[in-house]
Amino acid sequence: MFYTFAARRQITPAPSFTMDLKSQINKEKLPRHIAIIMDGNGRWAKQQGLPRVEGHRNGVVAVREASEAAAELGVEYLTLYAFSTENWARPETEVNALMALLVETIQNEIKTLNDNNIRLRAIGDIENMPPHTREALQWAINETAKNSGMNLVLALNYSARWELVEAARKLARQAASGLLDPQSINDEVFANALSTTGMPDPELLIRTSGEKRISNFLLWQIAYGELCFLPIMWPEFRKEHLYQAIIDYQHRERRFGKTSEQL
Ligand code: IPE
Ligand code: IPE
Ligand code: MG
């Protein structure tokens, strides 16, 4: 009852309710890696009669909620899709606002990251980001490099096809120079040529905004990922939404091609 009210009014439910959901999570079956397509900032802003950039600004609160909730639970990797290679096609004013917001957020959140022992990382074509953004990102990555808790991975100037093509190029170069036997390329070798090398595949992929598509995100890595599409806009995302998605994930049967009886 309270949940319906809270969802409609877009307010964070009372702590007791949040606690209740959190206690339903099976700590033994926690996903090691959760990936999120943070979508719906623009539509949220439009609903409020605000410019799109205000949606991005309000999305920062949701980033903090998701990161804190995942870190508190003991999730090892949280990957957030923050900017795709296709997002450059947006109006220049929006792209510039997003880059400025990124730098501002990184600088403002560094203390929270360190207080929570979170290590910041990035995947994507970072070298081709604007210099100011790249420098701020690199600074924050260095500042948090010694943290041993959750890895917060920002997918920036990222697309899965870009990543797959890069991996193909890398392996082809090694093969052409005689360092790699093409016959030795298998799942593991290929995965190690991706930007997510060393990370477990995300067991759970969440997308907000109600859109049911992947939009060029982690295509290789989500081969057996469980998908969760939430009808809320990203600025509305709170800890309880992450708890709910994890509970939903934990009630699914992951068969990996086998039959139920074999599990
Ligand atoms: C997600 O929200 C943020 C980015 C893609 C950078 P959108 O900006 O895509 O918001 P909608 O989907 O237009 O509502
Ligand atoms: C996906 O959202 C990219 C990010 C969340 C960064 P988009 O809003 O760009 O995706 P489409 O265009 O609706 O598929
Ligand atoms: Mg969108």
Quiz item: Okay, side chain of N41, backbone of G59: is any donor-acceptor separation there less than 3.5 Å?
Solution: no
Quiz prompt | Expected output: side-chain D115 to main-chain T112 donor-acceptor under 3.5 Å | solution = no
Quiz prompt | CA sep, side-chain torsions, deciding dist, call: L78, I36, side-chain contact (heavy atoms from CB on, under 4.5 Å) | solution = CA-CA 8 Å; L78 177 69; I36 307 183; 4.0 Å; yes
Practice problem: With sequence neighbours excluded, give me every side chain to side chain donor-acceptor pair (under 3.5 Å) pair touching residues 189-200. | Solution: E163-S195, N192-T197, T196-Q221
Self-check item: Steps toward side-chain contact (heavy atoms from CB on, under 4.5 Å) verdict (E226, R254)
Solution: CA-CA 8 Å; E226 296 293 334; R254 305 189 74 204; 3.4 Å; yes
Exercise. Look at E76 together with R119 and state whether they make a salt bridge at an N to O cut-off of under 4.0 Å.
Key: no
Quiz item: Does some side-chain heavy atom of L205 sit less than 4.5 Å from a side-chain heavy atom of I34?
Solution: no
Self-check item: Qualifying residues under side chain to side chain contact (heavy atoms under 4.5 Å, CB included), relative to N114, sequence neighbours excluded
Solution: I110, T144, N147
Quiz item: Going only through I, L, V, M, F, W and Y residues with side-chain contacts under 4.5 Å, is there a path from I185 to L164?
Solution: yes
Exercise. For the residue pair W88 and F83, categorise the inter-ring angle as parallel (less than 30°), tilted (30 to 60°) or perpendicular (more than 60°).
Key: perpendicular
Practice problem: Determine yes or no for a side-chain-to-main-chain donor-acceptor pair under 3.5 angstrom, with H33 supplying the side chain and P200 the backbone. | Solution: yes
Exercise. Would you indicate whether the side-chain heavy atoms of E104 and R57 approach each other to under 4.5 Å?
Key: yes
Quiz prompt | L113 and E143, any side-chain heavy atoms less than 4.5 Å apart | solution = no
Quiz item: Mind checking whether F229 and E211 have side chains closer than 4.5 Å, heavy atoms only?
Solution: no
Quiz item: When you look at L73 and L30, which way does the side-chain contact (heavy atoms from CB on, under 4.5 Å) test go after all the steps?
Solution: CA-CA 8 Å; L73 283 170; L30 212 57; 4.2 Å; yes
Exercise. Report the C-alpha separation of Q24 and K22 in whole Å, then their side-chain angles, then the decisive distance to 0.1 Å, and conclude whether the side-chain contact (heavy atoms from CB on, under 4.5 Å) test is met.
Key: CA-CA 5 Å; Q24 290 174 43; K22 198 178 178 183; over 6 Å; no
Quiz item: Do the non-hydrogen side-chain atoms of I247 and I25 ever get within less than 4.5 Å of each other?
Solution: yes
Exercise. Compute whether any side-chain donor of one residue and acceptor of the other, for T93 and N96, lie under 3.5 angstrom apart.
Key: no
Quiz item: Linking I/L/V/M/F/W/Y whenever any side-chain heavy atoms sit under 4.5 Å apart, do I214 and L154 land together?
Solution: no
Quiz item: Judged by modelled atom types alone, do R161 and T85 share a side-chain donor-acceptor pair under 3.5 Å?
Solution: no
Self-check item: Check ion pair R255-E253 (N to O, under 4.0 angstrom)
Solution: yes
Quiz item: Can you check whether S215 reaches R207 side chain to side chain, under 4.5 Å on heavy atoms?
Solution: yes
Quiz item: Is F237 close to M38 at the side-chain level, that is, under 4.5 Å between some pair of heavy atoms?
Solution: no
Quiz item: Between W234 and M99, is there a shared hydrophobic cluster once you connect ILVMFWY residues whose side-chain heavy atoms come closer than 4.5 Å?
Solution: yes
Quiz item: Do R64 and E109 meet the salt-bridge criterion of a basic N to acidic O distance under 4.0 Å?
Solution: yes
Quiz item: Within the side chain of H241, is there an N or O that forms a donor-acceptor pair under 3.5 Å with the backbone of R238?
Solution: yes
Self-check item: With I206, the side-chain contact (heavy atoms from CB on, under 4.5 Å) member among L242, I37, I246, L227
Solution: L242
Exercise. Using only heavy-atom distances, determine whether the side chains of S209 and R43 contain a donor-acceptor pair under 3.5 Å.
Key: yes
Quiz item: Does any N or O in the side chain of D248 come within less than 3.5 Å of the main-chain N or O of Q244, such that one atom is a donor and the other an acceptor?
Solution: no
Quiz item: So if you build clusters from Ile, Leu, Val, Met, Phe, Trp, Tyr with side-chain heavy-atom gaps below 4.5 Å, do V75 and L218 land together?
Solution: no
Self-check item: Under the side chain to side chain contact (heavy atoms under 4.5 Å, CB included) test, residues paired with K258 that sit two or more places apart
Solution: Q262, L263
Quiz item: Do we see a donor-acceptor contact under 3.5 Å between the side chains of N116 and E68?
Solution: no
Quiz prompt | Side chain to side chain, T79 and F217, heavy atoms closer than 4.5 Å | solution = yes
Quiz item: In terms of ring plane angle, is the pair Y158 and W162 parallel, tilted or perpendicular, where the classes change at 30° and 60°?
Solution: perpendicular
